[in-house]
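Please read through the structure below; I'll follow up with questions.
Note that the structure is a prediction, hence the values are computed from the model and not measured. Throughout, numbering of the chain's residues begins at 1 and tracks the sequence.
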Amino acid sequence: MASLRIVNRLVCRGFVVLTLLLVFFNECIVYYLAQSSWQPIDCKLDNCTRLLLIADPQILGNSYDRSSHSPLARYDSDRYLQKTFERAVSFTQPHIIVFLGDLLDEGNIATSQEYKQYVRRFKRIYQNKKLSNRVHVPGDNDIGGENGDYISNSNQRRFENEFMSEDLFDYDNRIRFFKINRMLLDFTNPDRDHNAERLRIGVSHAPLLIGGGPLLRAIISDLDPHIIFTGHWHESRIFIYPSTKVINFYENSVRHFDLKALKEQEHSYLEIMVPTCSYRMGKSKIGMGYAVLENYNLSYTVLWQPNRFILLFSYVFWGLFVVCGAVVYKMMTRCPFRVAKRQTLFNRVSTIPQF
């Protein structure tokens, strides 16, 4: 019996050690493994500007999911977004962070109290005191507008008050950002007289170049952007207008563009769609955009993140394996001894002398 207790203790400790190793791998090591595939972009000039592009984090709300495990889902999603953001900031050391809409999942339907709670969570996830240069554009989940939904003035105002009140417009007198709202068919252009002196970047939640229409014509005429960054589709793509050329960009490489030549020689416009950074969107490929500007030269890559769903499924499978293994082990270790006890008792009775 003493030897059985020792074996039981060793088996239990083995399961505990393997469980801790699995947790350590899923919660720590896997993020560094993902980072090992990221491509660095070295700055060659003094006026180098690094952009970290974040699309569709969609902080989970309280209304769409009211299941018993929804608090755990919100916690895990927030923690994942925070950890991947911290790794991306450490790797890129960006000068500017650009949020490309759908910051909140239920911003368009949230009450005032819920909205404040969601905003606090968002700012806690993406807090970094050293990174004050930020640009935010609203998405349809922030203010409404998807599939023709009504966009209320109150939704617009509270998004602007919480996120856009201190947004960057010009950076270092070289780069100018234009916020484009496709849902409202509107864009900002407060200083058009000096647009030509700066590299012009359009930022929009929804894609623009493939949609056409009067908004695109107005953007080309009034803003004449060198590059447009968008999100919304949760995909990683590159559009070149007017050639209708679409490039699916899912490799771990760096793309280089001469923005000046693209505009002046090829008379084309470039739009880069940044994939979602949230595993809750159901995409197998998730990440953040990383762009480096040196004069009119653009280098772009995607910082691909680990698929959290696979890691969560590994916990489920491991839990089932532990339970099944424990049941089988108990059956294998206890049943033979019970049989042996009955046989010993039978032998003792059978050896009693008969008179």
Side-chain angles (χ1 to χ4, degrees), residues 41 43-55 88-89 92-101 103 123 126-139 142-143 156-157 159-182 184-209 215-216 218-231 256-264 269-274 288-300:
I41 304 176
C43 291
K44 301 176 182 178
L45 304 177
D46 293 336
N47 63 355
C48 167
T49 304
R50 297 182 294 272
L51 309 179
L52 181 61
L53 304 150
I54 300 176
V89 168
T92 61
Q93 296 295 307
H95 298 99
I96 307 167
I97 301 178
V98 181
F99 293 95
L100 296 168
L103 281 56
K123 292 183 177 180
Y126 292 108
Q127 65 179 344
N128 191 305
K129 296 180 180 179
K130 296 180 180 179
L131 300 175
S132 59
N133 295 324
R134 302 189 179 212
V135 179
H136 304 79
V137 292
D142 297 313
I143 63 173
Q156 297 179 60
R157 282 196 301 270
F159 184 90
E160 292 171 359
N161 291 336
E162 294 290 351
F163 296 108
M164 298 175 65
S165 58
E166 299 179 358
D167 264 4
L168 186 69
F169 180 62
D170 281 346
Y171 177 74
D172 200 25
N173 291 323
R174 295 182 295 106
I175 300 174
R176 173 160 289 182
F177 290 90
F178 300 95
K179 302 170 194 174
I180 304 169
N181 191 327
R182 184 172 175 180
L184 293 173
L185 304 179
D186 187 27
F187 55 84
T188 59
N189 189 13
D191 186 25
R192 65 180 69 240
D193 293 338
H194 297 91
N195 284 347
E197 304 169 5
R198 293 167 174 80
L199 189 152
R200 299 174 296 281
I201 300 177
V203 288
S204 167
H205 173 62
L208 299 169
L209 295 186
L215 176 63
L216 177 59
I219 290 171
I220 292 176
S221 174
D222 293 353
L223 305 184
D224 193 27
H226 293 91
I227 173 70
I228 299 172
F229 292 109
T230 62
H256 302 278
F257 303 92
D258 186 338
L259 301 180
K260 196 167 187 178
L262 194 67
K263 175 176 292 297
E264 296 178 0
Y269 292 87
L270 176 67
E271 178 181 311
I272 294 179
M273 180 183 289
V274 179
M288 302 180 208
Y290 174 36
V292 173
L293 287 163
E294 294 181 293
N295 291 330
Y296 289 91
N297 295 312
L298 170 70
S299 301
Y300 175 79

Taking the side chain as C-beta and beyond, is there a heavy-atom pair between Leu52 and Met288 under 4.5 Å?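 Answer yes - side chains close enough.
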Margin query: With a 3.5 Å distance limit and no angle check, can you tell me whether Asp186 reaches the backbone of Asn181 through a side-chain donor-acceptor pair?
Written below: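 The answer is no, because no donor-acceptor pair under 3.5 Å joins these two groups.
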Inset, instruction - Return the minimal non-hydrogen interatomic distance between Leu208 and Glu271, and the atom names on each side. - result: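 That would be N-OE1, 3.0 Å.
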- prompt: Side-chain donor-acceptor pair under 3.5 Å between Arg176 and Asn195, yes or no?
  reply: yes
Interatomic distance, OH@Tyr290 vs OG@Ser299, rounded to 0.5 Å, equals 9.0 Å
Once you round to the nearest 0.5 Å, how far does CG of Asn128 lie from CD1 of Ile97?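 Result: 6.5 Å between the selected atoms.
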### Query
If you measure only the distance, is there a donor-acceptor pair under 3.5 Å linking the side chains of His95 and Thr49?
no
(message) Students often mix this up, so state it plainly: with edges at 30° and 60°, are the rings of His226 and Tyr296 parallel, tilted or perpendicular?
(response) tilted
Rounded to the nearest 0.5 Å, what separation is found between the CE atom of Met164 and the OG1 atom of Thr188?
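Rounded to the nearest 0.5 Å, the CE-OG1 separation comes out at 7.0 Å.
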**Request:** Identify the residue among Leu199, Asp258, Asn47 that makes a side-chain contact (heavy atoms from CB on, under 4.5 Å) with Asn295.
**Result:**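 The option that passes is Asn47.
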Any donor-acceptor pair under 3.5 Å linking the side chain of Arg200 with the backbone of Leu223? yes
Side chains of Cys48 and Val292: does their closest heavy-atom pair fall under 4.5 Å?
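Yes - at least one pair of side-chain heavy atoms lies under 4.5 Å apart.
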When rounded to the nearest 0.5 Å, the distance separating CG of Leu209 from OG1 of Thr230 is 8.0 Å
Test applied, salt bridge (Lys or Arg N to Asp or Glu O under 4.0 Å); reference residue, Arg198; option that passes from Asp193, Asp170, Asp172, Asp191: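 Of all the options given, the one that passes is Asp170.
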*Answer yes or no: is there a donor N or O on one side and an acceptor on the other, between the side chain of Glu294 and the main chain of Leu45, under 3.5 Å?*
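Yes.
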dist Phe229:CZ -> Met273:CE (nearest 0.5 Å) comes out at 13.0 Å
Arg182 side chain reached by Pro207 side chain, heavy atoms, under 4.5 Å: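 They are in contact (side-chain heavy atoms under 4.5 Å apart), so the answer is yes.
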**Salt-bridge contact Glu197-Arg174 (side-chain N to carboxylate O under 4.0 Å)** = no
Among Ile228, Leu298, Leu293, which residue meets the side-chain contact (heavy atoms from CB on, under 4.5 Å) test with Ile201?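 Of the listed residues Ile228, Leu298, Leu293, the side-chain contact (heavy atoms from CB on, under 4.5 Å) partner of Ile201 is Leu293.
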How about Tyr269 and Ile219: do any of their side-chain heavy atoms sit closer than 4.5 Å?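 A side-chain contact is absent here, since even the closest heavy-atom pair is not under 4.5 Å.
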Could you check whether any side-chain heavy atom of Glu166 comes within less than 4.5 Å of a side-chain heavy atom of Ser132, counting everything from C-beta outward?
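SC-SC contact between Glu166 and Ser132 ruled out.
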- Task: Spell out, as yes or no, whether a donor-acceptor pair under 3.5 Å connects the side chain of Asp142 to the backbone of Leu103.
- Result: yes
For Asp224, is there an ion pair with Lys263 - N to carboxylate O distance below 4.0 angstrom?
yes
Margin query: On a heavy-atom basis, which atom in His205 and which in Val137 lie closest, and how many Å separate them?
Written below: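 Answer, listing the atom of His205 first, then Val137: N-CG2, 4.0 Å.
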Derivation of the ring-ring contact (aromatic ring centres under 6.0 Å, His included) call for Phe163 and Phe99:
CA-CA 10 Å; Phe163 296 108; Phe99 293 95; 8.2 Å; no
